[in-house]
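Residue indices begin at 1 and follow the sequence shown.
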Amino acid sequence: MVPLGWDAQVVASAEQVSCDLGSELVVLDLRAGIYYGLTDDGGATSVGARIWTLLQERRSLGEIRDQLLLEFDVDADRCEADLLALITDLAQRSLVVVSHASPA
């Protein structure tokens, strides 16, 4: 996997589908046939679901971080740590593609 710097480009894998079920966003890995859920933890917009929405177009991690800081009342260090952890997990599950190539 490409190291995760703020300039890394990330996009959802083409081999998945997702669906917003209200309080949960569900992602199906088409290769493995496994569902993953990004749940809402208490009535507010799920940060994980928002990140997934942002990942539908290739963006840098820095762009995603900056957008989250604009939309959510979260400490910048916490936002960065949680974002890196989620992207790392999604990349290990092949649900996102990470690269350093410039967006097309």
- Message: Is it true that Trp6 and Ser60 share a donor-acceptor pair across their side chains at a distance under 3.5 Å?
- Response: no
- Looking only at side chains, do Glu71 and Gln67 share a donor and an acceptor under 3.5 Å apart? yes
Let me confirm one number: the [atom1]-[atom2] distance from [X] to [Y], rounded to the nearest 0.5 Å.
| X | Y | atom1 | atom2 | value |
| --- | --- | --- | --- | --- |
| Asp89 | Leu95 | CG | CG | 8.0 Å |
| Arg65 | Asp82 | CZ | CG | 14.0 Å |
| Gln9 | Glu63 | CD | CD | 6.5 Å |
| Ile51 | Phe72 | CD1 | CZ | 8.0 Å |
| Leu68 | Cys79 | CG | SG | 4.5 Å |

- So salt bridge (Lys or Arg N to Asp or Glu O under 4.0 Å) across residues 26-38, not counting sequence neighbours, yields Glu15-Arg31, Asp29-Arg31
- Query: Is the closest side-chain heavy-atom distance between Val10 and Leu90 below 4.5 Å?
  - Reply: no
- Message: When you compare the side chain of Val47 with that of Leu38, does any pair of heavy atoms fall below 4.5 Å?
- Response: no
- What are the two closest heavy atoms between Ser13 and Ser94, and how far apart are they? CB-O, 3.4 Å
- Note on the structure: Nearest heavy-atom approach of Ser18 to Leu25 is CB-CD2, 4.2 Å
- Is the backbone of Asp20 close enough, under 3.5 Å, to the side chain of Glu24 for a donor and an acceptor to pair up by distance? no
- Item | Val97: hydrophobic cluster co-members (side-chain, 4.5 Å) | Val11
- Transitive ILVMFWY cluster of Tyr35 at side-chain heavy atoms under 4.5 Å: who else is in it? Val17, Leu21, Val26, Leu28, Leu30
- Message: If the test is side chain to side chain contact (heavy atoms under 4.5 Å, CB included), which one of Val98, Leu4, Asp7 qualifies with Leu61?
- Response: Leu4
